[in-house]
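In what follows, a structure is listed as structure tokens, so that the remarks can point back to it.
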Amino acid sequence: MTSSRPSEFVRQQVIGRVRAVFNDVENGQQPVPPSDDALFAKDTPIRMVHADAVSMMIGGIRSLLLQMLHPHPLQGVLDHSNFREDMHGRLRRTARFIAITTFGHRDEAAKICDRVNHIHTQVNGTLPDGTPYSATDPRTLAWVHVAEAVSFLEAYIHYVKPAMPLADQDEYFRQFAQVAQMLGADPIPETKREADALMREFQPELRATKEAKEIARLVLTQRPKGAPIAVQKMLGTAAVDLLPQYARTMLDLEDPGLAIIPAKAAAGVVGKTLRWAFKQ
């Protein structure tokens, strides 16, 4: 029986708006139902981190900005993606992959990983200098994975659980490593220390190209359909604030400075609202 309380009406409206952002509702796509037979048990670190919509959006933007600094995934996007016309679609597909592999039935997680692996076999070519690249390359997959994992966790700690124990952070990387293994990444960090070390190891391979800067501009300015301008700006400002200084410099992005104060406040309010709406 549906509640007639005004608060319940508001809650359902909030849920509907969020689901419309993360799911292609116009084509009948439904949210991923949590499964009791998922890869990961309830109330474990990966499910807690990936359940928080606001910190995941902030972390997702941060990770995409980082990923595009590496020439191999950057060229794959340039050659095989319509990101200029459908940046939101790309982000939404990534969000759905995370949802299925984290909360969906383990068989569905295996299926979507197989599907992604098949798509990756078709993503290959050469860099401008003639170097071949392939989306199946284990090291390229490792960079994409570690950039995501570090970014999602960083945003969660910053905006949801500042006192998250190191043991839980390590467990998050161990859990997320299972998904990376299914995609063929190597090396894969299984602790925070290993993740931080791998990020440092990759840094000399990153390049400040005009194409990476173009994608950064699109990521930070292209607004998803139905998303308020203020929310899009808040998410972008928060993501840039969490970027390491070298990445901001390479992408010609300014430190948010005092602009981070209202962005943090807004992220906190929106995050609490969504956790209330989804009763987390």
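Start at 1 with the first residue, then count along the sequence. Everything numeric in this text was worked out from a predicted model, so none of it was measured.
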Give the cluster check for Val179 versus Ile98: same hydrophobic cluster or not, with ILVMFWY residues linked at side-chain heavy-atom distances below 4.5 Å.
yes

Going by atom type alone, with no hydrogens or angles, which donor-acceptor pairs under 3.5 Å involve a side-chain atom of residues 55-64 and a protein atom two or more places apart or on another chain?
{"residue": "Ser55", "atom": "OG", "partner": "Asp52", "partner atom": "O", "Å": "3.4"}
{"residue": "Ser55", "atom": "OG", "partner": "Asp52", "partner atom": "OD2", "Å": "2.8"}
{"residue": "Arg62", "atom": "NE", "partner": "Leu242", "partner atom": "O", "Å": "2.8"}
{"residue": "Arg62", "atom": "NH1", "partner": "Ser151", "partner atom": "OG", "Å": "2.8"}
{"residue": "Arg62", "atom": "NH2", "partner": "Leu242", "partner atom": "O", "Å": "3.1"}
{"residue": "Ser63", "atom": "OG", "partner": "Gly59", "partner atom": "O", "Å": "3.4"}
{"residue": "Ser63", "atom": "OG", "partner": "Gly60", "partner atom": "O", "Å": "2.9"}

Heavy atoms from other residues, nucleotides or ligands near CG of Leu166 exceed 12 (cutoff 6.0 Å)
yes

Among all residues two or more places apart in sequence or in another chain, which pass the ring-ring contact (aromatic ring centres under 6.0 Å, His included) test with Phe173?
none

Gln203 and Arg200: side chain donor to acceptor below 3.5 Å
no

Checking Gln175 now: which residues fulfil side-chain contact (heavy atoms from CB on, under 4.5 Å) with it, not counting sequence neighbours?
Phe40, Thr44, Pro45, Ile46, Glu171

Applying salt bridge (charged side-chain N to carboxylate O under 4.0 Å, His left out), name anything that partners Glu108, two or more places apart in sequence or on another chain.
Lys111

Taking the six-membered ring for Trp and the single ring otherwise, decide whether the centroids of Phe152 and His50 are under 6.0 Å apart.
yes

In chain order, what residues pass the salt bridge (charged side-chain N to carboxylate O under 4.0 Å, His left out) check against Asp36, with sequence neighbours excluded?
Lys42

With a cut-off of 6.0 Å (strictly less than), are more than 12 heavy atoms of other residues, nucleotides or ligands near CZ of Arg106?
yes

Spacing of CG belonging to Leu251 relative to CZ belonging to Arg217, to within rounding of 0.5 Å:
13.0 Å

Consider only side-chain heavy atoms of I, L, V, M, F, W and Y, link residues closer than 4.5 Å, and tell whether Leu183 and Val123 are in one cluster.
no

Results of side-chain hydrogen bond (donor to acceptor under 3.5 Å, both in side chains) for Asp196 - residues two or more places apart only
Lys192

